[in-house]
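Every chain is numbered from 1 and lettered A, B, ... according to where its sequence line falls, protein lines coming before strand lines. This is a predicted model, so every value here is computed, not measured.
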Amino acid sequence: MIDEFPKTYEPKVAESKWYDIWQNNNIYKADNKSDKPSYSILMPPPNVTGILHFGHVLNHTLQDLYIRRKRMQGFEVCWFPGTDHAGIATQARVEKELQSKNISRHDLGREKFLEHVWDWKEKYGEIIIKQLKTLGISCDWSRTIFTLDDHASNAVKEVFIQLFDEGLIYKGKRIINWSPLSQTALSDEEVEFREVNEHLYTMRYRFVDNPREYLSVATVRPETIFGDVAVAVNPNDERFKHLIGLKVIVPLVNREISIIADDYADPAFGTGCVKITPAHDTNDFEVGLLHNLQMINSINPNGTLNEITGEYNGVDRFEARKSIISKLKEFDLIEKIEDYSHNVGFSQRGGEPVEPYLSDQWFVKMQPLAQKALKVVIDGEVKFHPNHWIKTYEHWMTNIRDWCISRQLWWGHRIPVYYTTEGKFVAAHDESEARTKMGLTMDHPLVQDSDVLDTWFSSWLWPLTTMRWMEDGTKDSTSDMKKFMATDLLVTAPDIIFFWVARMIIANEKFIDQVPFKNVYFTSTIRDGIGRKLSKSLGNSPDPLEIIKKYGADAVRFTMLYLSPLGQDVKMDVDVTAQDIPSMEIGRNFANKIWNAGRFLLMKKSELTTIDDNSLDILSTADKWILSRFNTTIDEIDKALNDFKVNDYSKILYDFIWRDFCDWYVEIFKIQFYDSDNDAYKSRLVNFALKIYDDILKLIHPIMPFISEEIYHLTNKVSDVVSISQLDYPIADKSMIDSDIESSISLFQKLIEEIRKLRSELNINHSVKIPLIIATQNESLLVLLNELKKVISNFARASNLDIITNYTKGENTIASVVRDIEIYLILEGNVDTAKEKERLLKEIERFERNIKGSEAKLSNSNFVDKAPPSVIAYEKEKLESMKETLIKNKTNLESLN
RNA sequence: GGGCGAGUAGCUCAGCUGGUAUAGAGCACCUGCCUUACAAGCAGGGGGUCGGGAGUUCAAACCUCUCCUCGCCUACCA
């Protein structure tokens with residue numbers, strides 16, 4: 001037995017063993033023809049370049065918790081996994097690799113380059129999946145999809161064409177966020193704003209008519225003066241009203257531009273005059289459109305100034321800024337330079353400052369699509385947890401902007417738009433369809449758009465493509481969709497609420513007129529002990545695989561949930577030098593506790609010769625108590641998980657198993673067990689405890705799958721084909737919940753704790769047993785105490801225990817009172833009277849204070865009139881009891897004199 | 001500027017549809033235990049004017065107002 005059940009739990013062995021067995025037995029495969037009610041979750045696709053971080057750990061643990069639990073509760077469960085192709089990240093990775101061999105993607109050409117990317121994907125794309133498996137998650141891997149799979153690509157193409165034909169996709173020249181490093185457009189979400197300390201330069205724009213006078217114009221980007229086409233002042237600004245329509249000269253550039261009137265100019269900011277550079281600033285672009293201004297681009301795609309800037313042609317934008325400033329100074333065109341801090345956008349990928357850039361891009365018109373997607377969230381068809389995210393969602397949806405979906409990359413879904421040499425274009429599945437649509441002959445030459453779509457343009461179809469929509473070339477519902485749409489839960493980080501969550505709702509509503517999921521759980525952001533996000537560059541992000549190796553997957557899973565309150569960030573104490581997370585001990589120690597409780601019960605079982613006896617007819621109060629606590633616990637777990645309070649769930653489990661089951665019940669069990677020499681009774685008792693223990697394993701299985709499976713097989717000796725994850729989850733039996741018994745045992749616990757405290761204060765060693773007398777006049781308490789006599793005697797380390805109705809305190813006796821119960825410890829030596837007096841006086845003082853408070857309360861007519869009767873009754877009872885206790889304590893004090 | 005959230009023990013947090021004898025837990029700390037499941041453990045202990053102030057109420061950590069501090073998201077102020 002001991003050989004089979006080692007002293008400590010070794011996660012490594014169990015983890016590799018069971019995951020393979022589960023996979024080989026295909027037990028997590030979902031059946032879309034099943035009659036069972038369905039429960040499904042879409043896994044947020046990790047990207048193929050991804051490696052496992054703690055965000056994944058938390059996110060997937062949560063999903064697995066719900067999936068495993070629902071599976072055990074009899075649902076046909078499906079967890080849809082997959083990865084996305086991560087356009088920029090993947091392409092950048094491969095380009096970097098090629099660069100080390102001095103090859104650029106242009107050297108290879110599009111086709112060859114893409115071959116390289118696919119090779120890379122084949123080689124490394126599965127890494128994240130393998131890593132996820134170490135967590136023990138139970139998704140249906142047979143359904144794994146990739147966003148560039150044929151059917152997913154079909155869906156993307158189909159959707160693009162439909163939206164194009166409906167006029168919801170259009171091509172436009174707009175200011176977009178441009179990444180000079182990757183040389184592609186970025187979405188708003190791929191731009192991170194950071195406060196930067198720069199300078200505000202006030203330049204002199206001299207009047208054409210009167211060059212001795214000038215207009216002061218402030219800017220932080222003097223290098224954009226080559227794109228200046230106007231200076232705007234506020235039409236109501238008295239200082240400048242008379243100047244509107246006059247012309248000024250752009251410094252250095254010497255171009256004549258007009259002074260125009262526009263509300264955009266804020267009289268209170270800077271000089272009140274703002275230069276308008278429509279090709280290099282979003283607001284200026286709007287002003288430019290309104291006033292029909294020229295759009296002059298002065299920057300190249302790689303972030304250098306272009307040919308129109310003359311001597312600065314080819315000079316980097318920031319270098320150019322420096323030389324332009326010194327040149328301006330030279331000509332006395334700078335009035336002043338002030339320190340200035342403001343927000344600048346940086347590319348999330350490359351980290352370089354983003355350039356607002358005027359270029360031709362494809363956009364989705366979002367406003368017509370947003371209405372319904374907002375409604376389903378407001379109406380609660382899609383619920384957010386925590387629900388305060390609704391406000392953020394609402395704000396975004398009501399101020400939604402068009403979505404720039406084109407990317408100047410090669411890796412991704414190529415835009416299905418075909419152009420004629422004459423500049424006509426149309427969206428189509430292929431060239432021949434394009435020709436038909438445009439009414440051209442079949443030999444008319446066409447060119448396909450060279451750009452690809454934003455990766456999110458495939459991710460927003462994730463609910464559809466995971467369920468294999470468009471696999472057969474039609475938009476009909478698939479078998480998966482019939483069974484599993486809408487899915488039940490989506491677990492994701494709040495920072496992609498717009499990128500992804502909102503757009504999935506939009507797409508589902510648009511294309512199949514159904515919500516994609518009913519609940520969205522927004523996970524916590526994981527931070528280190530001093531509140532910083534975990535990041536590789538800070539070195540505060542240990543490799544989860546190492547942490548799992550050290551503490552075990554179950555321990556990591558449990559600890560993550562234990563530390564994750566709904567709607568708040570998780571703080572973990574990261575040890576940067578050791579790359580360790582010491583809090584993981586919480587889960588590891590808990591796993592070990594569970595392990596050892598099982599080990600103990602099995603040891604006891606193996607000591608018995610009697611054949612199994614499962615009758616449950618002679619339950620003690622303690623047995624009934626643990627049953628009551630067990631059923632209460634199931635009930636509380638149900639509530640917590642229904643409300644998505646996962647850390648409540650883990651704390652409820654932790655407290656029940658450690659405190660109630662191990663600390664109290666197993667200890668009582670020992671006494672009941674050792675006290676009997678009736679093997680039949682012992683057998684019944686062990687089986688009773690093991691039954692609860694097995695149910696406990698089922699309760700923890702969703703969060704600790706490996707250890708629960710491992711122990712279940714040790715306690716039940718079933719074959720590997722059987723998995724605890726396919727057994728029935730315990731259901732709360734309310735008839736077993738007995739609040740009287742729970743409060744009785746709780747009083748018993750108070751009694752034991754008081755005796756232990758007295759012994760500890762008296763420095764009585766654990767091995768020393770002394771006589772104990774317990775007195776109470778409460779009849780029902782006498783019955784309870786007598787039933788628990790052996791237990792009390794043992795827990796209290798009593799050499800002899802008398803339970804009586806009255807006791808007169810003698811010599812060398814320490815006395816205390818717990819509610820209606822008097823405790824007397826008979827010492828061998830003399831009592832330290834001074835110390836004892838002090839203790840009793842403190843106790844007397846406390847009760848006098850409380851009695852005074854209680855009496856004041858009860859004599860307050862407002863309280864008696866207005867408080868609910870139950871509160872008053874309780875208060876009266878309490879007062880009586882406290883008075884009695886006070887008297888007993890006073891008597892005890894007197895006896896010391 | 002707008003929105004959201006947080007402030008309770010040295011640290012991390014529960015408790016917040018107002019009422020239960022001393023406001024809880026884990027970690028850390030102190031004391032005593034190798035008590036035959038577990039030292040990754042057992043038993044006990046110290047430590048809190050519940051961010052400040054005002055109000056509502058018989059009763060406030062919890063409700064209202066206000067102020068302070070700190071996070072996060074969001075916004076085009078050159």
Side-chain angles (χ1 to χ4, degrees), chain A residues 5 7-9 193 200-201 217-221 232 264-266 268-277 281-286 340 342-343 356 386 388-389 391-392 394-396 399 494-495 497 525 527 529 531 551 555 562-563 565 567-573 582-583 585-586 588-604 647-648 651 654-655 659 662-663 666-667 670 753 756-761 763-767 794-795 797 819 846-847 849-851 853-854 857 860-868 870-872 874-875 877-879 881-882 885:
Chain A
F5 220 131
K7 201 169 164 182
T8 51
Y9 170 60
F193 284 90
L200 187 62
Y201 306 92
V217 178
T219 181
V220 284
R221 300 199 62 191
Y264 165 60
D266 176 0
F269 186 88
T271 61
C273 307
V274 53
K275 71 191 197 67
I276 301 298
T277 320
D281 183 283
T282 330
N283 305 303
D284 292 9
F285 177 77
E286 297 297 330
Y340 184 65
H342 67 142
N343 279 333
H388 64 73
W389 286 106
K391 289 195 176 168
T392 311
E394 190 180 355
H395 181 260
W396 192 73
N399 296 286
D495 51 347
I497 183 169
T525 305
R527 298 175 183 281
Y551 296 95
Y562 191 83
L563 296 175
Q568 264 160 256
D569 292 350
V570 183
K571 277 194 188 173
M572 297 196 305
D573 50 341
S583 330
E585 286 181 5
I586 298 170
R588 185 197 57 180
N589 295 356
F590 184 46
N592 194 236
K593 190 74 187 175
I594 295 167
W595 177 262
N596 273 290
R599 180 167 174 262
F600 170 74
L601 291 175
L602 274 197
M603 276 170 71
K604 294 303 120 187
N647 75 324
D648 283 5
K651 284 188 173 79
Y654 187 91
D655 288 344
R659 304 269 84 96
C662 294
D663 285 354
V666 173
E667 293 306 315
K670 284 179 186 172
E753 279 160 358
R756 282 172 174 167
K757 186 176 149 189
L758 290 173
R759 286 179 55 105
S760 170
E761 280 172 0
N763 289 323
I764 301 171
N765 192 287
H766 180 79
S767 57
N794 206 289
F795 281 18
R797 311 292 298 159
R819 301 294 164 93
R846 193 185 113 210
F847 275 95
R849 198 172 51 239
N850 289 333
I851 287 168
S854 184
K857 219 175 186 180
N860 182 337
S861 60
N862 281 324
F863 175 72
V864 184
D865 291 347
K866 292 178 185 169
S870 62
V871 173
I872 299 169
Y874 178 79
E875 196 61 36
E877 207 178 294
K878 187 172 92 181
L879 178 61
S881 171
M882 287 194 298
T885 308

**Request:** Look at all strands and tell whether E667(A) reaches a base, only sugar-phosphate, or nothing, counting heavy atoms closer than 4.0 Å.
**Result:** base

**Request:** Determine the contact category for G853(A): base if any of its heavy atoms lies under 4.0 Å from a base atom, sugar-phosphate if only primed atoms, P, OP1 or OP2 are that close, otherwise nothing.
**Result:** nothing

Whole angstrom is fine here: how far is it from [atom1] in [X] over to [atom2] in [N]?
X       : N      : atom1 : atom2 : answer
R599(A) : G41(B) : CZ    : C1'   : 12 Å
F193(A) : G1(B)  : CZ    : C1'   : 16 Å
D281(A) : C77(B) : CG    : P     : 10 Å

Can you find a donor-acceptor pair, distance only, under 3.5 Å between [X] side chain and [N] base?
X       : N      : answer
T271(A) : A78(B) : no
K391(A) : C4(B)  : no
K670(A) : A37(B) : yes
R759(A) : A43(B) : no

**Item:** Residues that K391(A) engages under side-chain contact (heavy atoms from CB on, under 4.5 Å), provided they are two or more places apart
**Value:**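 K391(A) satisfies side-chain contact (heavy atoms from CB on, under 4.5 Å) with no other residue.
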
**Item:** Those residues that, when tested against N343(A), pass side-chain contact (heavy atoms from CB on, under 4.5 Å) (two or more places apart)
**Value:**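 So N343(A) forms a side-chain contact (heavy atoms from CB on, under 4.5 Å) with F193(A), E195(A).
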
Please identify each residue that fulfils side-chain hydrogen bond (donor to acceptor under 3.5 Å, both in side chains) with [X], with sequence neighbours left out.
X       : result
K593(A) : none
N763(A) : none
S767(A) : N765(A)
K866(A) : none

Might you list the N or O atoms of the protein lying below 3.5 Å from N or O atoms in nucleotides 57-61 of chain B, with each pair's distance?
{"from": "C58(B)", "atom 1": "OP1", "to": "K866(A)", "atom 2": "NZ", "distance (Å)": "2.0"}
{"from": "C58(B)", "atom 1": "O2'", "to": "N860(A)", "atom 2": "ND2", "distance (Å)": "3.3"}

Pick out the pairs of N or O atoms, protein on one side and nucleotides 26-36 of chain B on the other, that lie under 3.5 Å.
{"from": "G26(B)", "atom 1": "OP1", "to": "R659(A)", "atom 2": "NH1", "distance (Å)": "3.1"}
{"from": "U35(B)", "atom 1": "N1", "to": "H766(A)", "atom 2": "NE2", "distance (Å)": "3.2"}

The side chain of [X] lies closest to which of these nucleotides: [options]?
X       : options                : value
R756(A) : U74(B), A40(B), A43(B) : A43(B)
R846(A) : G45(B), A21(B), C76(B) : A21(B)
H388(A) : A21(B), C4(B), A37(B)  : C4(B)
F269(A) : C77(B), C42(B), A37(B) : C77(B)

**Message:** Can you work out whether Y9(A) or N596(A) has the more 5'-proximal nearest nucleotide on RNA chain B?
**Reply:**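 So the residue in question is N596(A).
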
**Message:** Going by ring-ring contact (aromatic ring centres under 6.0 Å, His included), name the residues that satisfy it together with Y264(A), two or more places apart in sequence or in a different chain.
**Reply:**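 In terms of ring-ring contact (aromatic ring centres under 6.0 Å, His included), with neighbours along the sequence ignored, Y264(A) is linked to no residue.
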
**Prompt:** What residues, two or more places apart in sequence or in another chain, satisfy ring-ring contact (aromatic ring centres under 6.0 Å, His included) together with Y551(A)?
**Reply:** none

Identify all pairs in which a protein N or O lies below 3.5 Å from an N or O of nucleotides 12-16 of chain B, and state each distance.
{"from": "A14(B)", "atom 1": "OP1", "to": "Q568(A)", "atom 2": "OE1", "distance (Å)": "3.4"}
{"from": "A14(B)", "atom 1": "OP1", "to": "Q568(A)", "atom 2": "NE2", "distance (Å)": "3.4"}

**Prompt:** Is the closest basic N to carboxylate O distance between R756(A) and E753(A) below 4.0 Å?
**Reply:** no

**Runs of at least three consecutive pairs that involve RNA chain B, where pairs are Watson-Crick or G-U with distances under 3.5 Å** = B:1-7 with B:68-74, B:10-13 with B:24-27, B:29-33 with B:41-45, B:51-55 with B:63-67

